[in-house]
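Note sheet for the following structure.
In listed order, ligands and their atoms are each counted from 1. Side chains are part of it too, since the values below use all heavy atoms of this structure and drop only hydrogens, waters and symmetry mates. Bear in mind that the values here come from a model prediction, so they are computed numbers and not experimental data.
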Amino acid sequence: MNGSFTLTATDGDARAGVLHTANGDVPTPAFMPVGTKGTVKGVDPEELRALGATIVLGNAYHLHFRPGEELIAELGGLHAFSAWDGPILTDSGGFQVFALRATLLESDDDGVTFRSVYDGAAERFTPELAAKIQERLGSDIAMCLDICAPAGVSRADLEQAVHRTTLWAQKQRDLPRAPGQLRFAITQGGLDTELRRRSSEELVPLDFDGYAIGGLSVGEERAPMFEATAHAALFLPAAKPRYFMGIGDPEGVIEVIARGVDMFDCVLPTRTARTGSALTWDGRLNLRNARFARDAGPLDDGCACPACTRFTRAYIRHLVNQQEILGLRLLSLHNLRFLIDLVAAARRAIERGGFETWRADALSRLTRQPLER
Ligand SMILES: [Zn+2]
């Protein structure tokens, strides 16, 4: 498919655009809330829409094991099954298989064998199966099965990850897709500049609908990770969307946007919420802290989310301390809204040509107080 992405503005290396999918347009840069098991934990799809989410992420690995792609297909596909009618991107399972090192049994040129996290049974994923699962799920964007090497592996292992990721992308390139489904390849190479270039140079001629920068945010230091991101982006086509896999802290999001990334996902907003913390312009607030006991202010001044417009820090602190479900839900809604608003502001700054000023201001606001855990 051609023309699935329109670049509308650039400012330095930062980009604004629109990704066109079978179930709607996604303004970019875009943060994608993660609905691993077909649900963004604790958040109703209508609430997601109201928060400004334009695309959500599902996971082929988890949905394959529970409840299974055939059952989901029988019930109309992942959109109908989860009652989210907007764009969905599905991850292939490569990250789950390879990042959970303890469950990995064996991998070869044809696929990978591992123990399922659900029941410990030996299972095998192949490029063909990853494509089939995502075709049955009916997602708008399917990701290629790739090999995501953790930080600190040998260069030989990194080189093999690049080699097999390309081999698997070649196999997946022309396999059957759901109607209108886009397919993205994932570049690998860790922090190795030569391998990152090689991975992109092997995958770009295959003309995928978009390219992910994979194999980063897997435990390495932040500064080299951002350097590798900028380096990886150099070799990706300007006309195709770029997806950084697995970043969702406010500073990190700003830094990858500055390096030409269009899309990113992370469980951080909802996971942070479940630990009782809020993302704010004053850093991360742990609501369990006694200093919020009588705080009648909102989580974050100026936030228009359902938590900030109606409830106080003191009340949310009480809910969190009592392990009330509403407390975790309100924090999830707020954290998602915070990131979605942050990315929307970055997009506006790129469009008006003021991204660098905005970025410097945003980073100084976010880091003016030390992060609390
Ligand atoms: Zn809020």
Side chains of L78 and E69: does their closest heavy-atom pair fall under 4.5 Å?
no

Would you check if there is a donor-acceptor pair between the side chains of R15 and T10 at a distance under 3.5 Å?
no

For residues H79 and D140, is any side-chain donor paired with an opposing acceptor at under 3.5 Å?
yes

Short side-chain donor-acceptor distance under 3.5 Å, S199 and T187
no

So which protein N/O/S atoms does the Zn ion (ligand 1) have within less than 2.8 Å?
C303 SG, C305 SG, C308 SG, H334 ND1

Do R49 and W84 meet the cation-pi criteria used here (NZ or CZ under 6.0 Å from the six-membered ring centre, within 45° of the axis)?
yes

Close side-chain approach of P33 to L51, heavy-atom, < 4.5 Å
no

